[in-house]
Amino acid sequence: MSLLTALLLLLAGLAVGATSIGGIVVVPVLTELAGVPVQEAIAASSFGFLFTGAAAIFLQGNTARITRSKSLPPFSRLYGAALVGAALGALTLSWLPPTLARGVIAALAVLSGVVAMSRSEPASTPGAVQYPQRPSTLIAFGVVVGCASAWSGTGGPVLLLPILMLARVPTALSIEMAQGIQLPIAVAATAVNILKGTLNFELGLQLGMLLLFGWGVGRLLSRRLPLAVLRQMIAWGITAVGLWYGWQSF
């Protein structure tokens, strides 16, 4: 792995930690700069997000223990559905026209970014947590995001965040949900990729360590940014990623 490739992967991890987006560049970096075959790059990318996903879930649990409150909603339905969706996506990856999947992801990213730029932060009642209340909504979100993430080799946040922004979920909560969904997606996709024999463990471990280090730095930076600034960063970032991904796809 060249120095430039490693640096770009570190920056991708930093972007994921700070805004939950950035994972979408991992596969293109591996294929274009490192010459890794697409299937192998997607498998390594999914494995790499095991590290950042596990760290995010750990911090969520630690926050709940420290505050001794139920400030974080139960995301078990969302994460469980993402696990199933990611397994289905990994199993059907070879059946899907890559251009179609990338086009849908790009369009969703651009749409949500534009919507987020034009809207203010949703108002919330003090002490209340706003998130999709219907179990069926969370399950649908999880299956769609899990499946599309396995198809594209992304960690999940870059797909879940646009959906949550369109659903008017507050920024801080959207980030927490997007960060945590990385783990079930990575677990399911990695398990399938191991069975299919497409996972390069050495590459996956290198990628995971780079992403985790960048993620930790990005997480620290995000806590120093005002919520309004962070929301705008996410909106512009998602839009830029969507335009870039669409250009690369078509």
Side-chain angles (χ1 to χ4, degrees), residues 12-24 26 45-87 89-90 112 129-135 137-150 152-167 169-191 208 211-223 227 230-231 234 237-238:
L14 189 149
V16 172
T19 65
S20 292
I21 58 175
I24 203 167
V26 172
S45 178
S46 296
F47 182 79
F49 287 115
L50 275 173
F51 293 74
T52 53
I57 291 291
F58 173 79
L59 289 181
Q60 283 184 7
N62 195 46
T63 298
R65 285 194 297 272
I66 291 174
T67 59
R68 297 182 183 278
S69 69
K70 296 182 179 179
S71 58
L72 293 177
F75 297 151
S76 57
R77 292 188 182 93
L78 176 69
Y79 294 164
L83 186 77
V84 174
S112 62
V129 177
Q130 295 184 1
Y131 64 99
Q133 298 288 338
R134 294 181 179 178
T137 301
L138 289 174
I139 291 172
F141 285 177
V143 171
V144 170
V145 171
C147 195
S149 297
S152 59
T154 57
V158 75
L159 298 173
L160 182 60
L161 266 179
I163 294 175
L164 295 178
M165 283 192 163
L166 290 174
V169 177
T171 301
L173 184 56
S174 295
I175 292 174
E176 288 301 320
M177 295 173 78
Q179 292 282 355
I181 205 170
Q182 296 176 92
L183 184 59
I185 290 174
V187 167
T190 296
L211 289 175
L212 181 61
F213 181 79
W215 181 88
V217 174
R219 188 80 173 181
L220 291 175
L221 291 176
S222 69
R223 298 187 178 280
L227 197 58
L230 191 58
R231 180 179 176 83
I234 293 172
I238 289 177

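- Counting all heavy atoms, side chain and backbone alike, F51 lies closest to G208 at CD1-CA, 3.5 Å.
- Going from atom CD1 of I185 over to atom OG1 of T190 covers 11.0 Å, rounded to the nearest 0.5 Å.
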* To do: Show the numbers, then the answer: is there a side-chain contact (heavy atoms from CB on, under 4.5 Å) between F141 and I181?
  => CA-CA 11 Å; F141 285 177; I181 205 170; over 6 Å; no
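- In this structure, V217 and L14 approach most closely via the heavy-atom pair CG1-CD1, 3.9 Å.
- In this structure, P184 and A82 approach most closely via the heavy-atom pair CG-CB, 4.4 Å.
- Under the side chain to side chain contact (heavy atoms under 4.5 Å, CB included) rule, L211 has a single partner from V16, L50, T52, which is T52.
- The distance from the CG atom of L78 to the CD1 atom of I139 is 9.5 Å, given to the nearest 0.5 Å.
- The two residues A150 and A86 make their nearest non-hydrogen contact at CB-O, 3.3 Å.
- Residues A12 and V26 approach most closely at CB-CG2, 4.2 Å, considering heavy atoms.
- Side-chain N or O atoms of Q182 include one that pairs as donor or acceptor with a backbone N or O of Q179 at under 3.5 Å.
- Minimum interatomic distance between A178 and L161 (heavy atoms only, all atoms of both residues): CB-CG, 3.9 Å.
- For the atom pair CD1 (I175) and CZ (R219), the distance works out to 8.0 Å, reported to the nearest 0.5 Å.
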